[in-house]
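Each residue takes its place number in the sequence, starting with 1. None of the values given here were measured: they were computed from a predicted structure.
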Amino acid sequence: EEQMLPYSIEAVGQQAESVPNQELIIVVNGSTDASAEIARNSEIDMPVHVIETATPGKKHAMNLGMAAARSDFIVFNDADSIMPRDAVFHAINALETDKTRLVGAPRKPLRPSGEGFYEHDFASAFYLMNYARRTARPDQKTVQGWFMALNKTRLAEELEFPQGASPDDTWLSAFVGSRFGTEAIHYQTNLPGEYISPTNEQDMLAQIARHSLCRRLVRHEHPNISDYFNQVEEYYAQTMTDAEFNKRWREETLKLGVDFDSWIDEYNTFKSRIGNVADAMFDTLVNMNGTWERIESSKSLEHDTKEMKYAS
């Protein structure tokens, strides 16, 4: 994350062009790289506050950030992700409507410019197909945790992340949705972020299976959230048939330069493996306090991020 952090911070700083009077709070918890130093030395057009703590866990970091924030409007952004320009402006506008309680957005994997084709790289194809899968349904009712915006006053007692919750922040949108209904979730499909995805199969399995495992734990630990996931599936079934969704998914994938028909069988096989790995990880990667073992990732920037581009 230390490689992506300067670009992530710079992207946050650009949000001041459309929304003044912002502050950036960076929580560094248990990091062993140069993230804390990078955060302290950042220079952007807004105050930057760095909180360092030895307590691990993303939900703990998010609680600290929310407690320190002086504004009612809170926007979470992962350190390895680059926020699109004006993302905060549009999120605040959405939050000012009567029904919206949480705003999310998709994010698209980057690749070094000029290197090969996605058709010949399963890792890139897989993550782009996942991205296309989310954009194929623009009215997503569970949002990824890399970018989430909320008004903490409106959420009131829903503000804090339950200490028993598993460390997958997708659960927050389900938590909000279970309280306020599917209309409380707003998805900014046209404002995708950017990130570096894992580059080898082992990392892919570990990362995605952990998310899959988290959802299972959330369903087990919070029955009301489990009910919401079921409600979302019913909502999706009513708004789009499987045939319509698969057609749109294929179209969105092809727009990204990925040969959908060549990859779909391998994609589905890999998704099945993810489920099997998630089962095996239950006893080995997580204890009941929600503390995860550290996994080294192959995410890296072999080229300057600013020279990267999408496949489109």
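A salt bridge links Glu252 to Lys255: one of the charged nitrogens lies within less than 4.0 Å of a carboxylate oxygen. In summary, Glu251 and Lys247 engage in a salt bridge, as defined by a charged side-chain N under 4.0 Å from a carboxylate O. Under 4.0 Å is where a charged nitrogen must lie from a carboxylate oxygen, and between Arg85 and Glu17 at least one such pair does. Under the 4.0 Å criterion applied to side-chain N and carboxylate O atoms, Lys108 and Glu194 are not assigned as salt-bridge partners. Using a cutoff of 4.0 Å between basic side-chain nitrogens and carboxylate oxygens, Lys271 and Glu266 are not scored as salt-bridged.
Between Ala87 and Gln188 the shortest heavy-atom distance is O-NE2, 3.8 Å. The shortest non-hydrogen separation linking Phe175 to Ser178 is O-OG, 2.7 Å. Across Met204 and Ala123, no two heavy atoms sit closer than the pair SD-CB, 3.6 Å. Summarising the geometry of Lys152 relative to Leu150, their closest heavy-atom pair is N-CD1, 3.6 Å, with the distance given to 0.1 Å. When every heavy atom of Ile196 is checked against every heavy atom of Met4, the shortest pair comes out as CG1-SD, 3.6 Å.
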Mind running side chain to side chain contact (heavy atoms under 4.5 Å, CB included) on Thr55 and Asn29 for me, showing each step along the way? CA-CA 6 Å; Thr55 304; Asn29 59 331; 5.8 Å; no
Check the pair Glu52 / Arg40 against salt bridge (charged side-chain N to carboxylate O under 4.0 Å, His left out), numbers first and verdict last. CA-CA 10 Å; Glu52 296 186 59; Arg40 288 192 297 268; 2.6 Å; yes
Report the C-alpha distance between Ile9 and Ile44 in whole Å, list the side-chain angles of each, state the deciding distance to 0.1 Å, and finish with yes or no for side chain to side chain contact (heavy atoms under 4.5 Å, CB included). CA-CA 8 Å; Ile9 293 174; Ile44 57 176; 3.8 Å; yes
I'd like to know whether Arg250 forms a salt bridge (charged side-chain N to carboxylate O under 4.0 Å, His left out) with Asp261, so could you lay out the CA-CA distance, the side-chain angles of the two residues, the decisive distance to 0.1 Å, and finally the verdict. CA-CA 8 Å; Arg250 182 178 183 276; Asp261 298 324; 2.7 Å; yes
Test side chain to side chain contact (heavy atoms under 4.5 Å, CB included) on Met83 and Val75 and set out the steps. CA-CA 10 Å; Met83 193 184 300; Val75 179; 4.2 Å; yes
Go through the steps for Leu191 and Phe147 under the test side chain to side chain contact (heavy atoms under 4.5 Å, CB included), then give the verdict. CA-CA 11 Å; Leu191 290 171; Phe147 175 91; over 6 Å; no
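Asp78 and Ser81 form no side-chain donor-acceptor contact under 3.5 Å, judged by distance and modelled atom types alone. Residues Asn77 and Ser8 have side chains that bring a donor and an acceptor to within less than 3.5 angstrom of each other. Asp72 and Thr153 are linked by a side-chain donor-acceptor pair at a separation below 3.5 angstrom, with hydrogens and angles left out of the test. Between the side chains of Thr100 and Thr97, at least one donor-acceptor pair of N or O atoms lies under 3.5 Å. Residues Arg137 and Tyr187 have side chains that never bring a donor and an acceptor to within less than 3.5 angstrom of each other. Looking at Ser18 and Asp86, their side chains do bring a donor and an acceptor atom within 3.5 Å of each other.
Distance check, rounded to the nearest 0.5 Å: CG of Leu102 to CZ of Phe76 gives 9.0 Å. Considering OG1 of Thr189 and CG of Asp139, their distance stands at 8.0 Å, rounded to 0.5 Å. Note that the CD1 atom of Ile274 and the CG atom of Leu205 stand 6.5 Å from one another [nearest 0.5 Å]. How far CD1 of Ile26 is from OG of Ser31: 11.5 Å, rounded to the nearest 0.5 Å. Here OG1 of Thr182 is found 5.5 Å from OH of Tyr235. Values are rounded to the nearest 0.5 Å. Summarising the geometry, atom CG belonging to Leu172 is positioned 13.5 Å from atom CZ belonging to Arg101; distances are rounded to the nearest 0.5 Å.
Taking the ring centroids of Tyr236 and Phe245, they lie at or beyond the 6.0 Å cut-off. Aromatic ring centres of Phe122 and Trp263: separated by under 6.0 Å.
Within 6.0 Å of atom CD in Glu96, more than 12 heavy atoms from other residues, nucleotides or ligands are found, so the atom counts as buried in its surroundings. Other residues, nucleotides and ligands contribute at most 12 non-hydrogen atoms within 6.0 Å of the CG atom of Asp45. More than 12 heavy atoms of other residues, nucleotides or ligands shown are found within 6.0 angstrom of CG on Asn268.
In this structure, the side chains of Leu95 and Phe73 come closer than 4.5 Å at one or more pairs of heavy atoms. Contact of the Arg133 side chain with the Pro106 side chain is not registered, since no non-hydrogen atoms from C-beta on lie closer than 4.5 Å. With contacts defined as side-chain heavy-atom distances shorter than 4.5 Å, the pair His186/Lys99 does not qualify. Proximity of Pro47 to His49: side-chain heavy atoms (C-beta onward) are separated by under 4.5 Å at one or more points. Side-chain atoms of Arg134 and Gln144, non-hydrogen and from C-beta on, do get closer than 4.5 Å to each other. Two residues are said to be in side-chain contact when any heavy atoms from C-beta on lie closer than 4.5 Å; Thr142 and Tyr228 meet this criterion.
By the 30° and 60° cut-offs, the orientation of the rings of Tyr267 relative to Trp249 is perpendicular.
Residue Leu64 is found in a hydrophobic cluster whose other members, listed by chain and number, are Ile25, Val27, Ile51; membership requires side-chain heavy atoms under 4.5 Å apart, directly or through intermediates.
For Trp146 (side chain) and Ala105 (main-chain N/O), a donor-acceptor pair under 3.5 Å exists by modelled atom type. Using a distance-only test at 3.5 Å, with no hydrogens or angles considered, a donor-acceptor pair links the side chain of Glu244 to the main chain of Thr241. For the pair Gln15 (side chain) and Pro84 (backbone), a donor-acceptor distance under 3.5 Å is present. A donor-acceptor pair under 3.5 Å links the side-chain atoms of Lys141 to the main chain of Ile185, judged by distance alone.
None of Val28, Asp33, Leu5 except one satisfies the side chain to side chain contact (heavy atoms under 4.5 Å, CB included) rule with Ile38; the exception is Leu5.
The cationic atom of Arg107 (NZ for Lys, CZ for Arg) does not lie both less than 6.0 Å from the six-membered ring centre of Tyr131 and within 45° of the ring axis.
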